[in-house]
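Report on the structure given below.
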Amino acid sequence: MSTEERRSRLEELAPELVEELDAEDEADDQVLPDLPNVDEDETVRMRAAPNPNGPWHLGHARMPSVIGTYKDLYDGEFIVRFDDTDPETKRPDLDAYDEILEAIDYLGFEPDDVIKASDRVETYYDHARELIEMGGAYTCSCPQGEFSDMKNSGEACPHREKDIETSREEFEAMVDGEYDSGEMVLRVKTDIEHKNPALRDWVAFRMIDTPHPREAAEDYRCWPMLDFQSGIDDHLTGITHIIRGIDLQDSAKRQGFVYDYFDWEYPEVVHWGHVQIDEYDVQLSTSSIIERIEDGDLDGWDDPRAPTIASLRRRGIRGQSIVDAMVELGTSTSNVDLAMSAIYSNNRDAIDEETDRRFLVRDGERFAIEGGPDSAEPLLHPSHEDRGTREIPVSDAVLLEADDVPAEGERVWLKGYGPVRRTDEGLTYTDDDIEVVREGDVSVVHWVPADESQPVLLRTMDGDVSGHAEPGIASYDSDEMVQFVRVGFARIDAHEGDQTVTYYAHP
RNA sequence: GCUCCGAUGGUGUAGUCCGGCCAAUCAUAUUGCCCUCUCACGGCAAUGACCAGGGUUCGAAUCCCUGUCGGAGCACCA
């Protein structure tokens with residue numbers, strides 16, 4: 001019985017089972033696990049909270065990919081919140097704000113709102129004041145190391161029991177910038193004997209002497225720490241579900257103390273592991289990429305060797321291909337390796353049908369050609385005869401890749417042109433029928449005319465390759481894709497002088 | 001040291017909550033064959049995994065314990 005037959009038979013016998021079957025099928029199409037505790041009456045609302053200290057590397061694509069997909073799945077919302085509260089060690093890059101938003105757009109998502117933590121400092125101050133009044137926070141001038149030692153042995157520091165009045169005054173002095181970096185912090189009063197030392201009386205605000213690069217925030221010296229800022233914002237912006245990395249495993253527990261003081265309900269949290277991406281030897285970190293650019297190892301963020309979103313974009317890989325691969329990783333708490341081949345496979349699926357075939361010969365060897373027609377007309381796409389052919393002129397010589405050069409006396413089939421035999425003079429056209437190819441005696445190779453070809457630079461992950469393409473390559477606009485036969489897919493980047501610059505995408 | 005978390009083929013993932021339908025799903029990868037003017041696409045096939053050891057049970061990938069390995073936090077970074 002075929003599947004169809006079984007189905008209709010089942011429909012007769014037990015229609016309710018068919019429904020069940022369909023429901024299961026539907027569930028199977030959903031690649032991401034269900035979000036925990038989704039309230040039917042409430043809109044699922046999530047956030048991406050990037051630090052704008054540089055453009056995005058590939059790992060950053062995961063957050064918008066997944067929360068954007070959840071947004072679609074639950075008919076929810078997501079916002080982008082720039083967590084730019086450290087003007088010094090994670091100093092924001094003013095260009096990165098827009099670059100990140102562009103990356104999200106390229107991935108195919110549109111945030112419902114975009115906010116910056118550095119615009120909201122007064123809000124954080126207000127909540128700190130409230131917390132101080134409740135006895136939930138105190139100012140502390142302990143040197144960092146000393147506090148750490150006391151904390152680790154579960155001892156309270158002398159400032160913990162100071163009166164509210166003093167904390168209030170000292171905090172206002174912090175806000176007014178009356179302390180230098182390191183002199184005073186505001187701590188949240190948690191449980192100094194909590195069994196997890198990471199949760200004991202953590203810092204909520206500290207002093208930073210370096211002005212924020214954004215003009216609107218350059219006067220602030222008292223800055224909230226991530227756990228405070230993020231905790232307040234998640235509540236205030238109505239976030240229902242948070243996804244974050246395992247490095248922030250303790251954040252929810254830390255922020256839980258603040259939420260308890262304010263009597264707020266903490267959002268649902270999903271933690272996921274780190275992503276590594278194969279094919280790149282380098283570390284996936286903003287700072288290491290910045291370093292490599294400064295050292296001149298990379299041309300910039302969109303260098304084809306850079307593990308960045310801008311790089312894949314320039315190579316002509318669609319945002320959707322990245323999104324699908326990211327979503328496929330799921331949200332497990334263990335670390336995962338993403339195979340670039342998964343992204344490539346998605347992208348091939350997306351573009352193969354519509355991409356023209358063209359010839360590119362890398363590092364060609366020149367051979368005079370004798371006899372034969374004076375042009376070739378290969379199809380633009382092997383599965384679409386209706387799209388027509390391209391004309392490649394052949395005057396008296398062609399270029400072949402070293403690996404394709406036949407031994408003397410042997411034949412090859414120049415794809416779209418015809419059979420030639422290697423002689424001591426060069427290549428001589430023969431009258432062989434295509435049967436010789438079908439029988440496997442003669443291999444088919446790509447080629448370009450030696451004189452009428454167009455110089456091409458192919459930029460790849462392994463460095464730049466120069467070569468020559470058939471003349472028609474000059475007619476493509478920037479951003480169009482071509483498939484260099486037997487080489488791979490590439491994006492046309494620019495026509496510079498008499499050279500065409502292309503970026504290699506994938507096989 | 002203290003505290004969390006995790007472990008299914010090369011990679012990712014389903015199944016784990018509620019043990020039997022699992023000699024384990026799907027994708028990718030690799031290999032072979034077919035198609036083809038040797039790319040790509042498509043078709044067919046093969047390869048390959050439940051971290052280890054105990055326990056509970058008629059029955060364990062699934063529950064329990066121990067171990068091993070891996071990851072994370074204990075910052076006035078995010």
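Nothing here was measured: the structure is a model prediction, and the numbers come from that model. Within every chain, numbering begins at 1; the chains are lettered A, B, ... in the order of the sequence lines, protein sequences first and strands thereafter.
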TODO: Using the ring of W272(A) (Phe, Tyr or Trp, six-membered ring only), decide whether R62(A) places NZ or CZ under 6.0 Å from its centre and within 45 degrees of its axis.
DONE: yes
Next on the checklist: When the P atoms of U13(B) and U28(B) are compared, how many Å lie between them, rounded to an integer?
Outcome noted: 16 Å
| request: Please determine, by modelled atom types, if E401(A) and H446(A) share a side-chain donor-acceptor pair under 3.5 angstrom. | output: yes
Categorize L329(A) for me: base, sugar-phosphate, or nothing, with a 4.0 angstrom heavy-atom threshold over every strand shown. sugar-phosphate
key: Sugar-phosphate, base or nothing in reach of R244(A), heavy atoms under 4.0 Å   = nothing
Whole-Å P distance, C63(B) and C2(B)
27 Å
Open item on the list: In whole Å, measure the gap between the P atoms of C17(B) and G6(B) for me.
Closed with: 14 Å
Winner on side-chain proximity to L248(A), out of C37(B), A78(B), U28(B), is A78(B)
query: So, is K195(A) close to the C4(B) phosphate, meaning a side-chain N or O under 4.0 Å from OP1 or OP2?
result: yes
Notebook entry, point to check: Mind checking the C1' distance from A75(B) to U8(B)? Whole angstroms is fine.
Noted result: 37 Å
message: Any salt bridge linking R486(A) with D404(A)? Criterion: basic side-chain nitrogen under 4.0 Å from a carboxylate oxygen.
response: yes
Item to check | Pair F484(A)-F489(A), ring pair (Phe, Tyr, Trp, His ring centres under 6.0 Å): steps then yes or no | outcome: CA-CA 6 Å; F484(A) 289 130; F489(A) 291 86; 9.9 Å; no
query = Just checking N152(A): base, sugar-phosphate only, or nothing, at a heavy-atom cut-off of under 4.0 Å?
reply = sugar-phosphate
Whole-Å distance, E88(A) CD to A75(B) P, equals 19 Å
The complete set of ring pair (Phe, Tyr, Trp, His ring centres under 6.0 Å) pairs with one or both residues in residues 176-197 of chain A, sequence neighbours excluded, reads none
Separation of C77(B) atom P from N53(A) atom CG, nearest Å, is 14 Å
Quick note, Q144(A) side chain, CB onward, closest among C76(B), C39(B), C37(B) is C76(B)
Note to self: Measuring to OP1 and OP2 of C77(B), would you say a side-chain N or O of R206(A) lies under 4.0 angstrom away?
What the structure shows: yes
At 4.0 Å (heavy atoms only), tell me whether V203(A) reaches a base, stays on the sugar-phosphate, or touches nothing.
sugar-phosphate
Lys/Arg cation over aromatic F359(A): R390(A), 6.0 Å, 45° cone: yes
query: In whole Å, what separates the P atom of G12(B) from that of C50(B)?
result: 15 Å
Euclidean distance for C1', G70(B) against G54(B) (whole angstrom): 23 Å
Classify C140(A) by what it touches in the nucleic acid, base, sugar-phosphate, or nothing, heavy-atom distance under 4.0 Å. nothing
Query - Sugar-phosphate only, base, or nothing, as touched by H194(A) at under 4.0 Å among non-hydrogen atoms - result: nothing
| request: Determine the contact category for R357(A): base if any of its heavy atoms lies under 4.0 Å from a base atom, sugar-phosphate if only primed atoms, P, OP1 or OP2 are that close, otherwise nothing. | output: base
Can you tell me if the side-chain N/O atoms of K151(A) get under 4.0 Å from OP1 or OP2 in A75(B)?
yes
Once you apply a heavy-atom cut-off of 4.0 Å, does D352(A) come out as touching a base, just sugar-phosphate, or nothing? base
Report task. Could you check whether M184(A) gets within reach of a base, just the sugar-phosphate, or nothing at all, counting any heavy atom under 4.0 Å? Result -> nothing
Practice item. Give G182(A) one of three labels, base, sugar-phosphate or nothing, depending on what nucleic acid heavy atoms sit under 4.0 Å from its own. Key: base
Whole-Å distance, E439(A) CD to C37(B) C1', equals 14 Å
Using a cut-off of 4.0 Å on non-hydrogen atoms, how would the nucleic acid contact of I246(A) be classed: base, sugar-phosphate, or nothing? sugar-phosphate
